[in-house]
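Below is one structure; the comments refer to it alone.
Within every chain, numbering begins at 1; the chains are lettered A, B, ... in the order of the sequence lines, protein sequences first and strands thereafter. Because the structure is predicted, anything quoted here is derived from the model rather than measured.
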Amino acid sequence: MSPRDTPEYDPAAVESKWQARWAERHTNEPDLDKPARPNFNLMMFPYPSAEGLHVGNMFAFTGADIYGRFKRLQGYTVFEPIGYDAFGIHSENYAITIGTHPAKLIPKNIAAFRNQLHRLGGMFDWRHELATTDPKYYKWTQWLFLQLYKAGLAYKKRAAVNWCPKDKTVLANEQVINGHCERCNTLVEQRFLEQWFFAITKHAQRLLDNLDRLDWSDSTRTLQRNWIGRSEGAELTFETPAGQKITVFTTRPDTVFGATYLVLAPEHPLVDTLTAREQQAAVRGYQREAQSKDVVTRRVGDTTKTGVFLGSYVRNPATGESIPIWIADYVLMEYGTGAIMAVPAHDERDHEFATKFKLPIKPVVKGDGPLPFVGDDGVLFNSGDFDGLTCAVARKKIVAWLAGRGAASARVQYRLHDWCISRQRYWGPPIPIIYCDACGVVPVPEKDLPVVLPPIEDFRPDDSGVSPLARHQEWYFVKCPQCGAQARRETDVSDTFLDSAWYFLRYPSTEFDDRPFDPARTKTWLPVTTYIGGNEHAVLHLLYSRFTTMVLKDLGHVSFEEPFPKLRAHGIIVKDGSKMSKSRGNVVVPDIYINQWGADTFRMYLMFLGPFQEGGDFRDEGITGIRRFLEKVWHLTHEVSLTPGASPGMPGSPGLPESVVQKLHQTIKKVGSDVDGLQYNTAIAAMMEYVNEVRSAGCTDRRAVEPLVVMLAPFAPHVAEDLWEVLGHSGTVFDAGWPKHDDALAAAGDVEIVVQVNGKVRGRVTVPRGLSQEAVEKLAFADDSVKKFMEGKAPKKVVYVQDRLVNVVV
RNA sequence: GCGACCGUGGCGGAACUGGCAGACGCGCAGGACUUAGGAUCCUGUGGGACCUCCCGUGAGGGUUCGACUCCCUCCGGUCGCACCA
């Protein structure tokens with residue numbers, strides 16, 4: 001067929017027409033109060049960078065949007081909001097770099113993002129757009145802090161923290177990558193500062209247990225499990241001749257008879273009192289050295305062991321032997337008790353240390369390998385009454401035995417640390433706390449929220465470890481809400497991850513200024529039906545959101561404790577094999593492609609690039625294939641609209657070519673299940689195959705084309721809407737309903753059965769589907785080629801797979 | 001070092017619970033239409049040969065009537081964690 005009588009496909013015109021219509025007709029604004037079948041389709045909101053939405057964002061949002069649109073076609077009332085994660089160091093640093101103020105920069109960036117998101121054609125409900133930098137939003141971020149504070153889950157302590165000398169702020173452990181700042185890659189230092197923490201470790205076990213019930217990928221759950229890092233073991237107490245007690249944590253109490261020395265972290269509080277006079281100089285020197293390189297060298301995997309003998313001894317509670325005490329930086333103060341019993345025969349690190357410093361190595365477990373034998377299935381020896389027991393059995397008995405003497409207790413230890421939410425920076429929500437000389441720490445009363453971030457010009461951080469807000473006295477000094485005396489505000493702002501730890505709760509309730517989330521709306525829309533986002537947030541954002549929700553549940557604010565029962569992670573779009581970044585110069589600017597090809601083509605192309613959940617390498621060579629496909633559908637549909645005959649409606653088969661009917665039903669089935677599983681690349685391929693079939697059959701029957709337009713709609717919403725209109729419909733195609741397939745029709749017709757001899761394909765026979773084995777075999781044996789390869793031998797065995805193959809073994 | 005995932009044409013990628021390897025698309029080649037074609041349409045396209053056949057999913061081995069798929073060893077890559085006691 002030729003496109004002679006049909007209009008040209010002009011994506012720009014089609015797209016602006018439908019974007020305007022969607023707004024006019026409120027197409028994407030579901031009734032939040034009385035939805036028939038609510039479906040909260042959430043995607044991770046973007047950080048509005050100055051560079052604009054990049055290809056990775058578009059990839060993620062398109063994939064999530066297709067899913068939401070598909071659910072809508074299936075009859076769900078889909079709420080698909082969007083917002084901006086606009087606070088944070090990132091924005092602030094960028095503002096500093098280009099010499100502007102974040103409060104000027106961010107609204108501009110948001111406006112640009114909004115424009116791009118509109119052009120992409122997402123099914124966003126713009127009534128519920130939010131930005132974390134809006135006082136109407138962060139009022140409730142501060143409220144959230146207060147709820148945790150009142151519940152005893154927010155506390156302040158002086159702590160060794162990761163300090164980034166370039167960003168001049170504290171980083172959470174999660175934000176330190178190999179001793180470097182995750183943002184600017186600067187070497188991180190250790191500092192001691194007063195910081196606000198959230199007691200996330202109190203919920204470690206629950207956060208771990210709940211993972212089993214979540215519909216998340218195994219890999220994401222494993223990441224969280226490892227991050228929480230549960231290990232079971234025991235605390236053992238070692239006593240000095242002077243009666244001082246040192247507690248160690250170990251997962252291998254069964255090896256206590258092999259503990260030949262003790263090691264403390266250099267910062268351990270008992271180091272001073274345990275150091276013999278003649279060792280003081282050496283110990284102090286080592287402590288200074290350790291502190292200077294602390295978070296840096298100690299964690300970079302340089303395993304050369306260093307340490308210093310304290311000059312004193314403790315008694316091994318199992319053997320009664322006197323063993324030396326050392327300090328070494330391979331023992332970390334933040335984990336366990338900051339002290340270990342060293343069992344050099346059965347621990348690699350201890351073995352290396354003992355070898356270097358010529359400390360005694362005493363094996364107590366028989367095993368296969370050379371020392372250090374670290375296996376868990378050995379049998380004890382050199383262990384007094386416990387000789388001959390397996391490690392697993394001995395472990396319990398030894399703990400019980402030592403516990404009887406007050407020297408042991410079973411203990412579960414987590415790798416997870418409490419969440420440090422303090423940031424000594426400007427661009428974040430001020431932590432709503434006031435310090436009063438008389439009353440102490442006073443939370444800002446909820447009626448006084450928000451504590452507005454003052455619009456100061458001098459917002460740059462300095463090296464003092466104190467937020468820039470402290471320099472602004474008119475803001476800093478405030479009346480104590482309790483006694484009215486002059487008091488001082490907390491000057492730290494909170495971590496950006498707190499902003500994003502509850503935004504999903506805010507979306508349905510953005511119009512309410514007097515509550516963070518409306519109870520009725522929340523009951524209707526939460527938890528989130530499907531959450532789609534990048535795996536780079538597998539630990540931080542997702543763990544913090546889970547924790548926050550859990551706390552809100554305990555406090556009675558919500559009725560569920562897991563915010564994201566169903567999570568799907570998309571892959572990453574790379575360019576030339578590496579992540580896109582400005583410094584590499586391989587950033588793909590999506591706007592150029594949208595200008596040249598249109599949003600529909602670009603959306604579909606991104607999805608056709610590779611499996612959505614794996615991502616892929618961006619190269620634009622293939623985009624023309626998608627455009628050709630849309631052109632074909634465009635012309636086909638216009639041709640159909642000009643063809644008199646069959647009336648609108650879902651297909652029945654009369655008058656349609658059988659091959660088209662069969663392919664249609666197969667396609668509906670495949671596209672539906674593929675989209676449901678986020679396998680967009682194969683769904684697109686299936687639609688292409690279908691179009692090829694319809695065209696080669698010369699079919700211009702609308703019953704063959706209408707379902708195609710509907711299936712296309714989630715991927716290319718603008719052009720699908722236009723074609724739906726061309727087909728004579730007045731409403732939105734998204735009210736059309738997902739087409740239904742008929743398994744019988746999909747399976748109708750003949751099948752080709754492969755005939756193998758000894759596992760090699762030697763022939764094929766075409767038979768009606770469901771033909772009996774006997775009949776198929778008869779046909780198979782009649783095949784010339786099959787006869788030839790059987791060489792007249794009798795079959796030893798025949799393997800038969802219904803409608804698929806016959807394998808003759810001779 | 002530990003853990004997870006992955007290696008398929010010139011390229012991106014398909015392949016259900018083991019059952020025709022290379023769907024779909026790009027690119028390429030030839031042809032049609034055309035003043036023209038970087039538009040459109042048609043045909044072909046893993047490699048090889050003595051073109052009724054053989055070889056082919058990183059390498060080697062195994063299980064099976066049959067292996068891209070399952071098992072073992074190795075090589076290469078990506079990501080996460082990284083002295084966590």
Side-chain angles (χ1 to χ4, degrees), chain A residues 1-4 177-179 217-220 222-223 225-227 229-231 233 248-252 255 263 297-305 328-332 334-343 347-350 352-353 413-417 535-536 538-539 571-572 574 577-578 605 608-611 614-626 628-629 631-632 635 670 673 679 681-689 691-692 695-696 752-764 784-785 788 795-801 804-810:
Chain A
M1 80 193 75
S2 87
R4 63 198 187 290
I177 312 296
N178 283 348
S217 76
D218 287 339
S219 63
T220 307
T222 302
L223 282 170
R225 265 189 212 107
N226 293 344
W227 196 263
R230 180 193 154 103
S231 37
V248 305
F249 173 72
T250 178
T251 55
R252 296 296 302 272
T255 62
V263 189
T297 321
R298 284 175 70 175
R299 294 233 180 149
V300 184
D302 173 12
T303 53
T304 311
K305 295 285 182 291
D329 65 7
Y330 80 93
V331 175
L332 309 171
E334 314 93 79
Y335 187 75
T337 61
I340 61 159
M341 64 173 200
V343 184
D347 180 280
E348 281 178 36
R349 296 152 301 180
D350 298 344
E352 188 191 336
F353 190 82
Q413 181 67 43
Y414 300 92
R415 207 191 72 117
L416 183 70
H417 290 73
N535 229 346
E536 70 272 21
V539 273
I572 293 177
V574 297
S578 50
Y605 180 60
F608 193 55
L609 209 61
E614 285 169 36
D617 203 297
F618 185 89
R619 42 189 79 237
D620 50 18
E621 286 96 344
I623 195 166
T624 174
I626 295 289
R628 281 179 197 153
F629 168 70
E631 295 266 6
K632 285 176 192 172
H635 291 299
K670 175 154 178 66
S673 66
Q679 288 163 317
N681 55 336
T682 50
I684 293 168
M687 287 189 280
M688 287 174 167
E689 281 187 62
V691 169
N692 292 345
R695 281 162 52 94
S696 69
E752 193 180 61
I753 291 181
V754 172
V755 185
Q756 297 180 333
V757 180
N758 290 335
K760 297 205 181 220
V761 181
R762 298 303 180 187
R764 305 148 195 279
D784 284 344
S785 178
K788 183 180 149 199
K796 279 187 208 145
K797 182 177 175 185
V798 177
V799 181
Y800 177 75
V801 182
R804 258 185 216 283
L805 99 167
V806 178
N807 186 14
V808 185
V809 185
V810 294

Between which residue ranges does RNA chain B form stems of three or more consecutive Watson-Crick or G-U wobble pairs, both distances under 3.5 Å? B:1-7 with B:75-81, B:10-12 with B:24-26, B:27-32 with B:40-45, B:46-48 with B:53-55, B:58-62 with B:70-74

Partners of Val755(A) by side-chain contact (heavy atoms from CB on, under 4.5 Å), sequence neighbours excluded? Val765(A), Ala780(A), Val786(A)

With sequence neighbours left out, write down each residue that passes side-chain contact (heavy atoms from CB on, under 4.5 Å) with Val798(A), or none if nothing qualifies. Glu777(A), Phe781(A), Pro795(A), Val806(A)

Is a side-chain N or O of Asn535(A) found less than 3.5 angstrom from the main chain of Ala538(A), in a donor-acceptor match? no

Could you verify whether a donor N or O on one side chain and an acceptor N or O on the other, from Ser217(A) and Thr220(A), lie under 3.5 Å apart? yes

Length of the [atom1]-[atom2] vector between [X] and [N], whole Å:
X         : N      : atom1 : atom2 : value
Glu631(A) : U40(B) : CD    : P     : 7 Å
Glu348(A) : C2(B)  : CD    : P     : 9 Å
Tyr414(A) : A85(B) : OH    : P     : 13 Å
Tyr330(A) : C83(B) : OH    : P     : 13 Å
Ile753(A) : C20(B) : CD1   : C1'   : 12 Å

Whole-Å [atom1] distance, [N] and [M]:
N      : M      : atom1 : result
G22(B) : C16(B) : P     : 13 Å
A29(B) : C75(B) : P     : 42 Å
G58(B) : U8(B)  : P     : 6 Å
U57(B) : C50(B) : C1'   : 28 Å
G56(B) : U69(B) : P     : 13 Å
G9(B)  : C5(B)  : P     : 23 Å
G13(B) : A23(B) : C1'   : 10 Å
C26(B) : G18(B) : P     : 33 Å

Ring pair (Phe, Tyr, Trp, His ring centres under 6.0 Å) involving Phe608(A) - partner list, sequence neighbours excluded: none

From A85(B), A15(B), G12(B), pick the nucleotide closest to the side chain of Thr250(A)? A85(B)

Check the orientation of Tyr330(A) and Phe353(A). Use parallel for under 30°, tilted for 30 to 60°, and perpendicular for over 60°. tilted

If the condition is salt bridge (charged side-chain N to carboxylate O under 4.0 Å, His left out), which residues does [X] pass it with, not counting sequence neighbours?
X         : answer
Glu621(A) : none
Glu536(A) : none
Lys670(A) : Asp674(A)
Arg628(A) : none

Would you tabulate the pairs of protein nitrogen or oxygen atoms and nucleotide nitrogen or oxygen atoms of nucleotides 24-27 of chain B closer than 3.5 angstrom?
{"residue": "G25(B)", "atom": "OP1", "partner": "Asn692(A)", "partner atom": "ND2", "Å": "3.2"}
{"residue": "C26(B)", "atom": "OP1", "partner": "Arg628(A)", "partner atom": "NH1", "Å": "2.5"}
{"residue": "C26(B)", "atom": "O2'", "partner": "Glu621(A)", "partner atom": "O", "Å": "3.1"}

Is the base of C54(B) syn or anti, if syn means a glycosidic angle within 90° of 0? anti

N-glycosidic conformation, G47(B) - syn within 90 degrees of 0, else anti: anti

When all nucleic acid strands are considered with a 4.0 Å heavy-atom cut-off, which category describes Thr251(A): base, sugar-phosphate, or nothing? sugar-phosphate

Sugar-phosphate only, base, or nothing, as touched by Leu805(A) at under 4.0 Å among non-hydrogen atoms: base

Counterpart residues, side-chain hydrogen bond (donor to acceptor under 3.5 Å, both in side chains), relative to Thr624(A) (two or more places apart): none

Partner residues of Gln413(A) under the side-chain hydrogen bond (donor to acceptor under 3.5 Å, both in side chains) criterion, sequence neighbours left out: Arg411(A)

Determine: side-chain N/O of Asn681(A) to OP1/OP2 of A14(B), distance under 4.0 Å, yes or no. yes

Hey, what are the protein-to-nucleotides 65-69 of chain B N/O distances that come in under 3.5 Å?
{"residue": "C65(B)", "atom": "O2'", "partner": "Asn807(A)", "partner atom": "ND2", "Å": "3.4"}
{"residue": "C65(B)", "atom": "O2", "partner": "Asn807(A)", "partner atom": "ND2", "Å": "2.3"}

Mind checking the CD-CD spacing from Gln679(A) to Glu614(A)? Nearest 0.5 Å is all I need. 9.5 Å

